[in-house]
Protein chains: 2
Amino acid sequence: MSLRDHGDPDGAPSAPPPLRPPTSSARPSAAEQARTIAAATNAATLASLTPEGDPWASLVVYGLLGGAPVLCVSNLAEHGRNLAADPRASLSIVAGAARSDPLAGARITLAGTVAHPLADHRDRARAAYLNAVPEARHYVDFTDFTLWVFNVHRVRWVGGYGRMDSATGEEYAAASPDPVAPAAPRALAHLNADHSDALTAMARAFGGYPDADAAVCTGIDRYGLDLRVHTPRGVAYARVGFPEPLQSAGQLRSATASLARNADRSG
Amino acid sequence: MSLRDHGDPDGAPSAPPPLRPPTSSARPSAAEQARTIAAATNAATLASLTPEGDPWASLVVYGLLGGAPVLCVSNLAEHGRNLAADPRASLSIVAGAARSDPLAGARITLAGTVAHPLADHRDRARAAYLNAVPEARHYVDFTDFTLWVFNVHRVRWVGGYGRMDSATGEEYAAASPDPVAPAAPRALAHLNADHSDALTAMARAFGGYPDADAAVCTGIDRYGLDLRVHTPRGVAYARVGFPEPLQSAGQLRSATASLARNADRSG
């Protein structure tokens, strides 16, 4: 039995295609997804190398200097000794809360090397670490702790089942975290609770599904909304883009209201 | 400034010592703590080695065959290719929910090698994986997924700040998860909400603090209770042991009630 084409995990029929192209299908890049996930938490798992070259996985906390994770670990701990002897390292960061099916959630792997930050760079790294890890004020200046900046050489993003992509260290450094992400969960809940008619109108006008009879918002980012759409042909997944990428969470309310108004007019 | 003796992180005075030895100070071993943490979840971070021998950290889910984690990963994924080329691996597993200070929580590192389970062993590994990861029914038998059993060679347990210990693979294999762990959070909340007088009596009678005037339960395991005790001399940490290690969660209620009765009698 060869099953390399996995298809839908529940064996459901394929989703019906859009009846016309969506107005915009812009989405965050892998580098942007990675920057957004890295900015959303302060806990990661570090993979370092033992003196024998064996892998060693351990919990760490981190701050961010630009997109570069800043670590501060004890030289007495195994991972601290590992990094001091071999700078090669990798970090796994998981987005959001634990869920019943962890593989359905988004996560990233960063691979690269750690280095001692010097002079001004050290002060900024220390401040970035303390900003993300307030408890570190108790140990950041202990002589047996070392501050490390993680230079990201390459990035792997996995968005869930079947959604994945890679990015270079340069793309990761040049990208920015999604400014909308901190406000997205509340906005999503509000749209689904109070504006389901507007979501359906958006799916019809802009998402390529003029036959939509219901829609639920499943994600919001700077480029637009993800919708799960009910149609007489079956359940589909639509993308509704903002006319311009949003620059701040404060623009989210007016941008979605504007989409709703324009969808209503064209309906 | 040399600060290797970190002392109390908040610079508070040291906790007052017990006025007499506690009745029992038995605690779970590092191997038992590790087995308990491994049994409490199904998500871990795998550290594997790339073809260049670099570390690679990635999210995985696992089942348990005895204490041995069972993985099932795609050969198309980077960590799957890594394991196929080099069996050396490490797993980091973090106990409980995300918290504001992740380093205050318990976690383990397992280090060892992965191997293909053969014959009957494969069926048991597959069943263990499916038991812990029900969603895997969609992919466990795909030809591009490989089932791996992780042979644990050594174990590092960190219980939080300043609490840590190591165990061998043999100790880990011989230990058992704490049978009380699944029931402990609810029992702890109940004791603190409704039986604070009984906790204080236990601290006085069995914990070595006859001058306790209040006590809060901060942990429960098969060997006993951890208490944070208020005394006129300051805040202290006491251990109150069960007369015998508990064999099941069902014994927890009667064991704590018995401790409370005996403490009352001796008070």
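Worth knowing before you read on, the calculation uses all heavy atoms, side chains too, and leaves out hydrogens, waters and symmetry mates. Since we're looking at a predicted model, the values are computed, not measured. Quick note on labels: first sequence line is chain A, next is B, and so on, each numbered from 1.
- Options B:Ala136, B:Ala44, B:Ser48 differ in how many heavy-atom pairs under 4.5 Å they form with chain A, and the most are formed by B:Ser48.
- For B:Arg233, the CZ atom is densely surrounded, since the number of other residues' heavy atoms within 6.0 Å is greater than 12.
- Taking each heavy atom of B:Leu59 and A:Pro102 in turn, the nearest pair found is CD2-O, 3.7 Å.
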Indicate every side-chain donor-acceptor pair of residues 108-117 of chain B with a distance under 3.5 Å to a residue at least two apart or in another chain.
from	atom 1	to	atom 2	distance (Å)
B:Thr109	OG1	A:Ala57	O	2.5
B:Thr113	OG1	B:His153	NE2	3.3

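- Using a 4.5 Å cut-off between heavy atoms, B:Ser58 contacts chain A through both its backbone and its side chain.
- Shown here are the salt bridge (Lys or Arg N to Asp or Glu O under 4.0 Å) partners of B:Arg126, two or more places apart in sequence or in another chain: B:Asp141.
- With a 4.5 angstrom heavy-atom cutoff, A:Thr41 does not touch chain B via any of its atoms.
- Among the residues in residues 165-183 of chain B, none has a non-hydrogen atom closer than 4.5 angstrom to a non-hydrogen atom of chain A.
- Within the structure, salt bridge (charged side-chain N to carboxylate O under 4.0 Å, His left out) contacts touching residues 74-91 of chain A (residues at least two apart or in different chains) are A:Glu78-B:Arg154, A:Asp86-A:Arg88, A:Arg88-B:Asp54.
- In this structure, A:His138 and B:Tyr161 have side chains that are not in contact, with every pair of non-hydrogen atoms separated by 4.5 Å or more.
- Ranked by non-hydrogen atom pairs under 4.5 Å with chain A, the options B:Ala89, B:Ala77, B:Pro134 are led by B:Ala89.
- Residues B:Leu46 and A:Thr45 have side chains not in contact (no heavy-atom distance under 4.5 Å, counting atoms from C-beta outward).
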